[in-house]
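What follows is a short report on a single structure.
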Amino acid sequence: MKRAHRTAHARIWTILGILLPLAFFTVLALRQTPPADRPAILIEAPAGGANGTEAGQ
């Protein structure tokens with residue numbers, strides 16, 4: 001009886017050890033954020049910028 005319990009315990013943890021990371025990475029791979037949800041990032045100021053338009057007024 002002791003041996004059957006250890007065997008079952010080992011099998012259960014082996015299955016969980018394989019399935020849980022697979023499920024986690026599958027959820028991460030399937031989760032997609034649409035481009036509209038991402039904020040715009042200004043890499044550098046545009047050439048000419050707002051300086052030229054304000055100075056003319």
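Since this is a predicted model, take the numbers as computed values, not measurements. Counting begins at 1 with the first residue of the sequence.
Thr26 OG1 to Leu19 CG: the interatomic distance, rounded to the nearest 0.5 Å, is 10.0 Å. For the atom pair CH2 of Trp13 and CG of Leu20, the computed distance is 8.5 Å after rounding to the nearest 0.5 Å. If you take CZ on Arg11 and CG on Leu16, they are separated by 14.5 Å, rounding to the nearest 0.5 Å.
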